[in-house]
Amino acid sequence: MHQDQRPPSRKRLVRLCLNGRWREDAVPDHLLLVNYLRETVGLTGTKTGCDGGECGACMVLVDSVPMPACITLAVRCEGRSIETIEGLSSGGSLHRLQRAFHEQLGTQCGFCTPGMIMSAAALLRRNARPTDGEIREALAGNLCRCTGYVKIVESVRAAVDDAP
Amino acid sequence: MNGTVASRDWPRPGVPLIDGIDKVTGHARFTADLDPCGALVGRIFRSPVSHGDIVRLDVSRARDLEGVVAVVTGDDCPRTYGVLPVAMNEHPLACGKVRYRGEPVAAVAAVDAETAERALALIELEMRELPAHYTADSARAAGAALVHDDRPGNLERAVHHVFGDPEAGFAAADLVREVRIDCAEVNHAQIEPHAALADYDPATGQLTMQSVSQVTFYLHMMLAHCLQMDESRIRVIKPFVGGGFGARVEVLNFEIVTALLARAAQGKVLMQLTREENFLTHRARPQTAIRLRLGMRRDGRMTACECEVVQRGGAYAGYGIVTILYAGALLHGLYAIPAVKYDGYRIYTNLPPCGAMRGHGGVNTRHAFEVLLDRMARELELDPFAVRRMNLLSAPTRTLNELLVNSYGLPECLDRVERASGWRERIGRLPRGRGIGMACSHYVSGAAKPIHRTGEPHAVVNLKLDWDGGVTALTGAPDIGQGSSTMIAITVAETLDLPLERIRVIAADSAITPKDNGAYSSRITFMVGNAAIDAAQRLKDILSEVAARKLGVRREDVYTAAGMFLARGSDATAVSFEEVAKAALVGEGTLTIKGTFTCPPESQGGKHKGGAVGATMGFSYVAQVVEASVDEDTGQVTVHQVWAAIDCGHAINPLAVTGQVEGAVWMGMGQALSEETCYLDGLPAHASLLEYRVPTIIESPPIDVQIVESHDPLGPFGAKEASEGALASFAPALVAAVANAIGIDLDELPATPDRVVEALIARRRRARLKSAQESAP
């Protein structure tokens, strides 16, 4: 009797590859990717800065393409590869973008930084030697309120020059 | 100059933020990232009308909903709160009356967000609507409905200050001109939305509050006041904070509401406001109407200034009284003006309350002032740089309103941007549609008189030296991204001649760190920096004593270099910091040292009413040049390059100084070009980051920052503020550049395409009218 009163399940199983590791979770259909990452998985590097698609603080890579996780449904990521800021550094050393943002003060308060770095990472993956114009275009969906973007452009430029 | 600085070489490289790696790896935990285990979700029910009496508020259906743990209303907090002890007139949840659309009326805590939102929909509110006022003019009109019954004419505060003899000054002028300038309301738009996590333990009666605060001490005080709790039962912790810019100086209603919910629920509540709610909970720069008159001699010397300012304050006092005082006080301190008359009016309206925003109070009047200075220079055929140079102060001095100016690097700032921008070669030689303009600004390095006059020092820093040889600095100063913790680490490291890695900074946790007045008025570098140097110097004295014993020399023969204690005259004998630290702990145990800083009485302002506002130990000075172009078909203004020179006394961390100046200049650009919050019958029309137009990286220009060091006699290593002063000179420099480009004088901010096109149409109309009159018989 008690069992029958339970509300019907609105979840489905989703398998995705998160930062290089496959995992499987039961998620509601309406769950946004940003909330999946932050609440289901517990990775809080991906931020929510707005009410949907305004600021870019939640930018993650879905199959290497930068996507705002706040307007992406988790269930749409079935079978896909998701990369977040937590997966960027490997083997205990910072990614060159992370090192550059740190050393060049491309980060001040740090709230937009993970999204900004993920957008920049996507750029460098498809274009190893971007011009300043291409850097600006790639980061146009990421708002920062601290830096005036000067040191953000410098950080990406430094990371480009630091390429192996 | 307080303290000695290890390296005076220039250029010094500067250092990255000590918490920078946490930020680039995503490990930094902001309030919304804290452990939500067991936390209920908080949501706020807001007023749908702008002004009205609450006839009936029924939360019983919400309370009865499965999954709702607590519902609170105004009945749960009868006390008012506010940042100024003389104007605490705000309820965290409306009591009897609402004064702006979106004002919190009730709040729920539920097991999840969906339940909390369903509960909000079950709250029943019946209102008797009152006439609402959305402009200062309408609120000031005869017979206007009162926002607060005790404020006739909806006048929050009038300020009337006269210094010198303005009448005589205007009489002595060769040219007297007046402008009327209107600046739109703007928003801090810090990227991290407001959030708070409150944890109430019913067994112990203790409350732990983590929030996005810039001033955790105010929050602590107001929580105790509103919840009627003993201060010692409350702990306030500041996690990483994603920007402030003044938005979080005042305690905000949602913070108290979250704590009320946690206590009612006897547990933990996480409140995260939407971006739209952030625009309702903003405390930003008010819409301002300015009438400004200047008298000038033919050679450019100013003879008098008269300024009237009306600020549309919103529904509650907040910081309003201070804002309207700053707007007048900061007419002083930049130039030598023999006479200044100021009339300021702060008006209550039925809109979300305004407050402090970067450059608090001074930005809009500085804009009007510099714009008029530029126009009068043109009329007198004087170079705008030359006009500024005719009116320089000479430090040390006291201004007419008794502000202390101990260091004054403005002349060098002018020289530096004039040279860097190629001003002399380029002014008047740019193609039509492209122009350059310049302006100056300044800002306080901390309010010398704190709001709460308790007799305590203005800043306290504790240092702990333990068996591991590490030095931990404990400070109540909240790092909100401006790099204050890094600044403290540098001042301690430089004083002790230690590598930065040996210093750890713990900031803003009321259970651990000493009280601090917080991150506002650019006070931390000057006050907390000085306290940190004082603490480090005391620790150094103790350690030098121990080192002398170990080295077998006299105390005065001991000096430090690169982590070593050495004996003068016998360089061969040296002991490491670690050895000395271990020896110092023998018989003593862990060393804890306190350093303090108190602003000297002569820096605390004049005796006249409101004289404490604007009073500071030192002003930063800025000159900047803006190069812009205007598309005369679309009215689009594009900024191509900015050159800004700042006198920050001494750059403790040059990397952070340039970062702060770039950010301030750019925030000034947002206000100048595109940012404004408008309301439609009290409903915010720009309540998202798509509608509220913060510049993107695409329209953000290169900014060349020049650092000028005037070595302030009281500053830590000679330093002054570097985070706010550069904002105010952007907009007037931009307006001057537009005038230089297309000959149009803009009287309104922001310079959006519609305003530029309207000004162009008005000019064509005037020209047609003139030619029609000339050709008339």
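Below, chains carry the letters A, B, ... as their sequence lines are ordered, and counting in each starts from 1.
Contact of A:Thr48 with chain B is made through the backbone alone, with heavy-atom distances under 4.5 Å. Only the side chain of A:Thr113 comes within less than 4.5 Å of a heavy atom in chain B; its backbone stays farther off. Both the backbone and the side chain of A:Leu139 have a heavy atom closer than 4.5 Å to some heavy atom of chain B. If you measure heavy-atom distances from B:Ala28 to chain A, the contacts under 4.5 Å come from the backbone alone. Heavy-atom distances place no part of B:Phe279 under 4.5 Å from chain A, backbone and side chain included. For B:Glu699, no part lies near chain A; criterion is any non-hydrogen pair under 4.5 Å. Interface residue A:Leu143: backbone and side-chain heavy atoms are both found under 4.5 Å from chain B. Contact of A:Leu97 with chain B is not made at all, since no heavy-atom distance falls under 4.5 Å. Of the atoms belonging to B:Glu691, not a single heavy atom falls under 4.5 Å from chain A. For chain A, the nearby parts of B:Ile703 are the backbone and the side chain; heavy atoms of each come within less than 4.5 Å. Interface remark: A:Glu39 contributes no atoms to any contact with chain B (heavy atom separation under 4.5 Å).
Judged purely by distance below 3.5 Å, without hydrogens or angles, the side chains of A:Thr40 and A:Asp25 never pair a donor atom with an acceptor atom. Inspection of the B:Arg248 and B:His194 side chains reveals an N or O donor paired with an N or O acceptor under 3.5 Å. Side chains of B:Ser723 and B:Gln482: no donor on one and acceptor on the other come within 3.5 Å.
When each of B:Gly20, B:Gly14, B:Gly670 is checked for heavy-atom pairs under 4.5 Å with chain A, B:Gly20 comes out on top. In terms of non-hydrogen atom pairs under 4.5 Å with chain B, the most contact-rich of A:Leu94, A:Asp51, A:Ile85 is A:Asp51. The greatest number of non-hydrogen atom pairs below 4.5 Å with chain A, out of B:Gly483, B:Gly242, B:Pro36, is found for B:Gly242. In terms of heavy-atom pairs under 4.5 angstrom with chain A, the leader among B:Ser688, B:Ala32, B:Ala656 is B:Ser688. Comparing B:Asp22, B:Asp479, B:Thr658 by heavy-atom pairs within less than 4.5 Å of chain A, the highest count is held by B:Thr658. Between chain A and the options B:Ile191, B:Thr696, B:Val705, heavy-atom pairs under 4.5 Å are most frequent for B:Ile191.
Counting heavy atoms from C-beta outward, A:Gln98 and B:Thr25 have side chains that approach closer than 4.5 Å. With contacts defined as side-chain heavy-atom distances shorter than 4.5 Å, the pair A:Arg38/B:Asp33 qualifies. Looking at heavy atoms from C-beta onward, B:Glu276 lies out of side-chain contact with B:Pro684 at the 4.5 angstrom threshold.
The local environment of CZ in A:Arg10 is sparse, with at most 12 non-hydrogen atoms from other residues, nucleotides or ligands closer than 6.0 Å.
With A:Leu16 as reference, A:Arg23 is the one residue of A:Glu24, A:Arg76, A:Arg23, A:Arg21 to meet the side-chain contact (heavy atoms from CB on, under 4.5 Å) rule.
A:Arg145 places no side-chain N or O within 3.5 Å of a backbone atom of B:Gly244 that could act as its donor or acceptor partner. Between the A:Arg157 side chain and the A:Pro130 main chain, a donor and an acceptor come within less than 3.5 Å of each other.
Between A:Lys47 and B:Glu192 there is no salt bridge, since no side-chain N of the basic residue sits under 4.0 Å from a carboxylate O of the acidic one.
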